[in-house]
Amino acid sequence: MTLRFETRASDSPWVDTVWSCTSEHVAEMTSVAAVCWGLVFWEREGRAYATVTGPETKAGTAPVPEGATFVGIEFAVGTSLRAVPTRALVDGGVQLPETTRGTFLLDGVRCESPGPDDAEALVDRLVRAGAVVRDPLVTEVRRGHRPASSGRTVERRFLEATGLTQGAVRQIERARRASVLLAGGVLAADVVSKLGYFDEPHLARALRRYVGRTARQLREGTGGAIALDLDQRTTS
């Protein structure tokens, strides 16, 4: 009962991570809060599917098609689809029509479905076609710069571009990082200190809300299939 993930970082400023996964004897999984929107491609029993996924604000349970192979692209925070506001995708998604085993259609652009090594080429094409755009102010903020705009303007632009507040993004990213550390054997007390939680109960609440796991479950690898690469294997 597993989801076997391979995850890699990307050198594209438009992409956060690229992942691939195979489901084996899994009927459902714990979905995990996420700050990125993405594209997910999968095949099962000779049929192909493509979906736009949105940011997720909390953990939950999601069905998993058994025996399917997946390729996913998580886009950088601040990017968005021209045709669909990211705010409309939060805690949801859109299945793309007219998907074949070799191609998919997005915002009027017919593209080849990518493998794990083809993600950046696909994203480049979508960017050139204007289907994927980004807010440069949000990109600047994410890089740690202080823009000249007011704090209210920055927060409004951030929410429009990402569907989330800056505070929500920080909390979700911190909980996901805590999960990886705990799964790697780091003690909960050390995670609290390293990531700036108030105390272990504060960490526990964040894990329950955003990851759907306890520190013990993450440490012991129990709780069933989860939509998170806790091994953080890097292939590039």
Side-chain angles (χ1 to χ4, degrees), residues 7 9-10 12-19 29-41 49-63 70-97 104-109 119 122-123 126-127 129-147 149-179 205-212 226-229:
T7 304
S10 174
S12 169
W14 298 85
V15 178
D16 183 70
T17 55
V18 180
W19 57 270
M29 67 178 180
T30 299
S31 61
V32 176
V35 300
C36 301
W37 69 277
L39 290 173
V40 180
F41 307 88
Y49 307 85
T51 299
V52 179
T53 59
E56 300 284 344
T57 60
K58 59 186 180 301
T61 302
F70 301 84
V71 173
I73 304 171
E74 298 294 321
F75 284 79
V77 173
T79 65
S80 59
L81 282 171
R82 175 178 59 185
V84 184
T86 306
R87 294 182 70 169
L89 295 170
V90 174
D91 292 325
V94 179
Q95 185 165 325
L96 299 177
F104 70 101
L105 184 66
L106 177 64
D107 194 10
V109 182
L122 169 62
V123 172
L126 293 173
V127 170
V132 174
V133 297
R134 66 180 172 188
D135 187 324
L137 186 146
V138 174
T139 300
E140 185 179 353
V141 169
R142 290 286 289 177
R143 290 173 177 170
H145 300 153
R146 293 185 177 181
S149 304
S150 68
R152 179 175 295 181
T153 296
V154 171
E155 192 60 54
R156 175 180 57 79
R157 293 266 294 270
F158 198 97
L159 183 61
E160 288 176 353
T162 71
L164 303 171
T165 65
Q166 293 186 74
V169 168
R170 286 192 294 267
Q171 292 177 51
I172 292 169
E173 290 181 329
R174 181 167 62 167
R176 290 171 67 99
R177 177 60 178 155
S179 299
R205 289 192 297 272
L207 292 175
R208 184 168 57 250
R209 177 176 181 179
Y210 297 120
V211 185
I226 186 169
L228 184 62
D229 183 2

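Below, each value reflects all heavy atoms present in this structure, side chains not excepted, and no hydrogens, waters or symmetry copies.
For Tyr210, there are no ring-ring contact (aromatic ring centres under 6.0 Å, His included) partners, not counting sequence neighbours. Scanning for side chain to side chain donor-acceptor pair (under 3.5 Å) contacts around Ser150 gives Thr153, with sequence neighbours left out.
The CZ atom of Arg209 sits 7.0 Å away from the OG1 atom of Thr57 when rounded to the nearest 0.5 Å. Separation of atoms CG (Asp91) and CD (Glu56) is listed at 5.0 Å; rounding is to 0.5 Å. For the atom pair SG of Cys36 and CD1 of Ile73, the computed distance is 12.0 Å after rounding to the nearest 0.5 Å. If you take CG on Leu164 and OG1 on Thr162, they are separated by 4.5 Å, rounding to the nearest 0.5 Å. To the nearest 0.5 angstrom, Arg134 atom CZ is 4.5 Å from Trp14 atom CH2. Taken from CZ in Arg177 to CZ in Arg174, the straight-line distance is 13.5 Å, to the nearest 0.5 Å.
Side-chain atoms of Trp19 and Asp229, non-hydrogen and from C-beta on, never get closer than 4.5 Å to each other. By the 4.5 Å heavy-atom criterion applied to side chains, Val94 and Thr51 are not counted as neighbours. For the pair Val40/Val71, no side-chain contact is recorded, criterion being any heavy-atom separation below 4.5 Å from C-beta on. Between Thr86 and Leu81, the closest side-chain pair of non-hydrogen atoms is not below 4.5 Å. Residues Val77 and Asp16 are not in side-chain contact: their nearest non-hydrogen atoms beyond the backbone lie 4.5 Å or more apart. Taking 4.5 Å as the limit, every side-chain heavy atom of Thr165 sits out of range of all side-chain heavy atoms of Val169. With contacts defined as side-chain heavy-atom distances shorter than 4.5 Å, the pair Asp135/Phe158 does not qualify. Residues Ser149 and Leu137 have side chains in contact (heavy-atom distance under 4.5 Å, counting atoms from C-beta outward).
Nearest heavy-atom pair across Ala175 and Ala206 is CB-O, 4.2 Å. Between Ser179 and Leu207, the shortest heavy-atom contact is OG-CD2, 3.6 Å. Nearest heavy atoms, Pro147 versus Glu140: CA-OE2, 3.7 Å. Heavy atoms only, all atoms of each residue included: Arg157 and Val138 are closest at O-CG2, 3.9 Å. Of all heavy-atom pairs spanning Thr53 and Leu39, the tightest one is OG1-N, 4.5 Å. Considering every non-hydrogen atom in both Gly78 and Ala161, the closest pair reads O-CB, 4.2 Å.
Screening residues 74-89 for salt bridge (charged side-chain N to carboxylate O under 4.0 Å, His left out), with sequence neighbours left out, gives Arg82-Asp107.
A centroid separation of less than 6.0 Å is found between the aromatic rings of Phe41 and Phe104.
Of the possible polar contacts, one joining the Arg176 side chain to the Ala33 backbone as a donor-acceptor pair under 3.5 Å is found.
Counting only N and O atoms by type, the side chains of Trp37 and Thr79 include a donor and acceptor under 3.5 Å apart.
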So Leu105 and Leu96, side chain to side chain contact (heavy atoms under 4.5 Å, CB included) or not? Walk me through it. CA-CA 7 Å; Leu105 184 66; Leu96 299 177; over 6 Å; no
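By the 4.0 Å N-to-carboxylate-O rule, Glu160 lies close enough to Arg156 to be salt-bridged with it.
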